[in-house]
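For reference, the structure discussed in these notes is given below.
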Amino acid sequence: MVLMRWTQGMSVGVPELDDDHRGLIDIINDLAALSGAEARPQSVRACLTRLHRYAPVHFGREEKVMTACGFPHLGVHQEEHRAFVLTMQGFNQSLQGDPAALAGHLAEEILDYLKNWLTHHILLEDMAYKPYASERLADVRAAAQSFRQPEFHSSR
Ligand SMILES: [Fe+2]
């Protein structure tokens with residue numbers, strides 16, 4: 001099931017970061033496909049593992065870009081990234097409790113969180129650095145030289 005698609009309107013103007021955001025949309029779609037009462041704990045855990053890989057890689061890249069272009073609200077933005085990581089850790093802990101009973105409910109809770117993250121964080125907070133990045137494109141491209149191919153895309 002495809003719940004969401006990346007569109008050009010979501011572009012932050014840095015291809016590597018757009019690609020990361022597409023990766024998150026992949027995870028959202030995979031989660032949507034398995035949410036509901038019959039979600040298996042191992043499938044939910046696999047999505048959480050992908051999110052666990054995704055977060056430090058993507059947030060690290062974004063923070064490098066924001067530093068390179070002199071984005072003035074880096075600290076506030078980093079706080080949001082930290083909150084995301086803590087929320088994912090909380091989901092992980094919840095899944096340890098009673099995985100069979102919780103998996104379906106948890107998949108929906110994670111999905112709601114990620115959909116909200118996409119509309120609030122990516123479409124508002126990330127968009128705020130876009131003009132700074134386009135103003136200092138050479139600095140951003142230099143920072144992006146070190147980015148490697150992400151590992152959190154689905155195998156589809
Ligand atoms: Fe961000």
Side-chain angles (χ1 to χ4, degrees), residues 1-35 43-95 105-156:
M1 178 171 102
V2 176
L3 182 73
M4 284 185 176
R5 286 184 201 282
W6 187 88
T7 64
Q8 197 56 41
M10 296 178 183
S11 175
V12 294
V14 182
E16 293 84 354
L17 300 181
D18 286 344
D19 203 38
D20 288 354
H21 289 157
R22 282 191 200 93
L24 182 63
I25 289 175
D26 275 354
I27 299 175
I28 290 176
N29 285 326
D30 289 348
L31 208 47
L34 60 86
S35 70
S43 312
V44 179
R45 192 171 292 117
C47 279
L48 283 172
T49 301
R50 282 162 71 195
L51 288 163
H52 181 73
R53 285 202 202 109
Y54 172 86
V57 173
H58 170 59
F59 294 158
R61 289 172 170 182
E62 236 181 30
E63 289 166 17
K64 268 187 194 158
V65 164
M66 288 188 277
T67 302
C69 69
F71 181 62
H73 310 295
L74 175 65
V76 179
H77 202 114
Q78 277 175 315
E79 281 305 315
E80 288 216 358
H81 289 171
R82 264 194 282 275
F84 181 99
V85 171
L86 288 175
T87 303
M88 291 306 131
Q89 285 169 357
F91 285 137
N92 230 329
Q93 276 165 4
S94 303
L95 194 61
H105 172 70
L106 210 54
E108 291 195 12
E109 225 180 293
I110 301 166
L111 188 61
D112 278 348
Y113 182 85
L114 294 179
K115 285 195 289 190
N116 189 50
W117 176 265
L118 195 93
T119 49
H120 169 75
H121 186 86
I122 297 182
L123 297 180
L124 289 176
E125 304 299 331
D126 288 352
M127 282 302 164
Y129 65 69
K130 186 175 181 173
Y132 294 87
S134 65
E135 189 108 325
R136 304 259 306 263
L137 210 51
D139 295 319
V140 168
R141 294 317 313 151
Q145 289 290 309
S146 63
F147 296 168
R148 291 204 309 207
Q149 190 65 20
E151 291 155 22
F152 38 76
H153 279 284
S154 70
S155 49
R156 284 181 294 138

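Every number for a ligand or one of its atoms is a count from 1 in the order of the listing. Small disclaimer: the values here were computed from a predicted structure and weren't measured.
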Below 4.5 Å, heavy atoms only, C-beta onward: do Leu31 and Ile28 meet side chain to side chain?
no

Contacts under 3.5 angstrom, residues 69-80 side chains, donor-acceptor by atom type, not counting sequence neighbours:
{"from": "His77", "atom 1": "NE2", "to": "Glu62", "atom 2": "OE1", "distance (Å)": "3.4"}
{"from": "His77", "atom 1": "NE2", "to": "His81", "atom 2": "NE2", "distance (Å)": "3.2"}
{"from": "His77", "atom 1": "NE2", "to": "His121", "atom 2": "NE2", "distance (Å)": "3.0"}
{"from": "His77", "atom 1": "NE2", "to": "Asp126", "atom 2": "OD1", "distance (Å)": "2.9"}
{"from": "Gln78", "atom 1": "NE2", "to": "Glu63", "atom 2": "OE1", "distance (Å)": "3.3"}
{"from": "Glu79", "atom 1": "OE2", "to": "Arg82", "atom 2": "NE", "distance (Å)": "3.4"}
{"from": "Glu79", "atom 1": "OE2", "to": "Arg82", "atom 2": "NH2", "distance (Å)": "2.8"}
{"from": "Glu80", "atom 1": "OE1", "to": "His121", "atom 2": "ND1", "distance (Å)": "2.6"}
{"from": "Glu80", "atom 1": "OE2", "to": "His120", "atom 2": "NE2", "distance (Å)": "3.3"}

Close side-chain approach of Leu86 to Gln89, heavy-atom, < 4.5 Å:
yes

Can you give each donor-acceptor pair under 3.5 Å made by side-chain atoms of residues 5-12, sequence neighbours left out, with the distance rounded to 0.1 Å?
{"from": "Ser11", "atom 1": "OG", "to": "Gly13", "atom 2": "N", "distance (Å)": "3.1"}
{"from": "Ser11", "atom 1": "OG", "to": "Asp18", "atom 2": "OD2", "distance (Å)": "2.7"}

Listing by chain and number, what protein N/O/S atoms are under 2.8 Å from the Fe ion (ligand 1)?
Glu62 OE1, His77 NE2, His81 NE2, His121 NE2, Asp126 OD1

If the test is side chain to side chain contact (heavy atoms under 4.5 Å, CB included), which one of Asp19, Val140, Asp20 qualifies with Val14?
Val140

Using the side chain to side chain contact (heavy atoms under 4.5 Å, CB included) criterion, which residues pair with Thr87? Sequence neighbours excluded.
Phe91, Tyr113

